[in-house]
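Below you'll find the structure, written out as structure tokens, and then a few comments.
The analysis underlying the following values was restricted to heavy atoms, covering all of them including side chains, and did not include hydrogens, waters or symmetry mates. Order of the sequence lines fixes the chain letters, A, B, ..., with proteins taken first and strands second; residue numbering starts at 1 for each chain.
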Amino acid sequence: MPGKDLVAASARPLVLSILQRGESYGYAILQEVKRRSGGSLEWTDGMLYPVLHKLEKQGLIAARWDTAPDTGRRRKYYRLEQAGHAALQEQRADWLAVHNTLADLWGLKPCPTT
Amino acid sequence: MPDDVMTEQAITAWRDRLSASPNIGDQQRVELEDHLRREIEALQASGLNGNEAVTVATMRVGTCKGLEQEFAKVRPWDALFYRVQWMAVGFAGISTLQWLYGVFLTQPLQLTLNAYTAETSVREWVIVLATLGCLPLIWLAVLAWMRSRTGMIVAGLATLHLIAVCIQMEYGYALYGRIYEWYRLQTGSQEWSFVSHTVYGVLSILPESGTIMLWTAIAALLFWRNRRNKCDEAREESMGYA
């Protein structure tokens, strides 16, 4: 299971990648991370929101309040902004560079970088 | 007690604990509460009862202290301003108490001691202890008990302030005396007139009054700033975006 530092570092690209697929909200983002990582990425639920708010403050994502169709409660929805798309491309290049370096060292097949 | 009622009570208690945090605003609290409720609903759907679901869900969302630390990373200045706001309130309060104590108790005490004591040093000690003594210390103890870290910072500042007051008592009045002499030379007055009394009086209370006004102004400014932030948040939320 990845350590705390790695989990924290991966939060940003993971959130941006999920939001690239469409508008979402905190709980759903967390469920998506759990599902896609097969439970190996253990996020504290509360850790996600400061990450979202930081990305929002940086203008990479935008938010709006709406009524949740399933519960009728107020809910904050996030979507990726133009700057977020560009940031995601940078993150993708960085993470693939790390991944491919390690893959090369371990004799594994590297990932395509585009 | 029905399961739903217990669950609601537990959520309310959790929300109240979160409300006490200066780093977590109203919007963040609503967002976290929605998350908590979703988590509880999912756990109840998987077979847990209300009490168990609330316990597990609150653990997953994180403790109030943990959440506070995480949110402080995003808005570190807000947390700092909130602390300074209460420090300013505490400090203005201490200064006011000291001022009132000095005005209303020191002079009668001094007159009483003048009447019954010939020992100047003993009299001065009693006045210093009475002026700087119990009331501000009780205030500090209450602050320290209520908000440990902020209270301790206030206590530290108040200690510096008390040292400043002691220095003022030692050297300040001599300075006022010189200023008064200068005033008498300028006006040519040889008597303590109403005006000279007033000038001397204003100069005597200037440091204390200045301290009170300064810290009250800082506290008022921060209250206004924090209130404006909350109003902005509420307006943005009502308009549908954040």
Item checked: salt bridge (Lys or Arg N to Asp or Glu O under 4.0 Å) partners of Arg35(A), counting only residues at least two apart -> Glu32(A)
Notebook entry, point to check: At a heavy-atom separation under 4.5 Å, does Tyr25(A) approach chain B through its side chain, its backbone, both, or neither?
Noted result: side chain
Notebook entry, point to check: Between Tyr49(A) and His35(B), does the ring centre distance come in under 6.0 Å?
Noted result: yes
Next item on the list: Output all residues satisfying salt bridge (Lys or Arg N to Asp or Glu O under 4.0 Å) with Asp34(B), sequence neighbours left out; order by chain, then residue number.
Entry: Arg73(A), Arg75(A)
Listing, residues 78-88 of chain A side-chain donor-acceptor contacts under 3.5 Å, not counting sequence neighbours, or none:
| from | atom 1 | to | atom 2 | distance (Å) |
| --- | --- | --- | --- | --- |
| Tyr78(A) | OH | His53(A) | NE2 | 3.3 |
| Tyr78(A) | OH | Glu31(B) | OE1 | 3.3 |
| Tyr78(A) | OH | Glu31(B) | OE2 | 2.4 |

Item checked: Best-contacting candidate, Asp45(A), Leu48(A), Leu30(A), against chain B by heavy atom pairs under 4.5 angstrom -> Asp45(A)
Check: Does anything in residues 36-53 of chain B get under 4.5 Å of chain A by heavy atoms, and if so which residues?
Finding: Arg37(B), Arg38(B), Glu39(B), Glu41(B), Ala42(B)
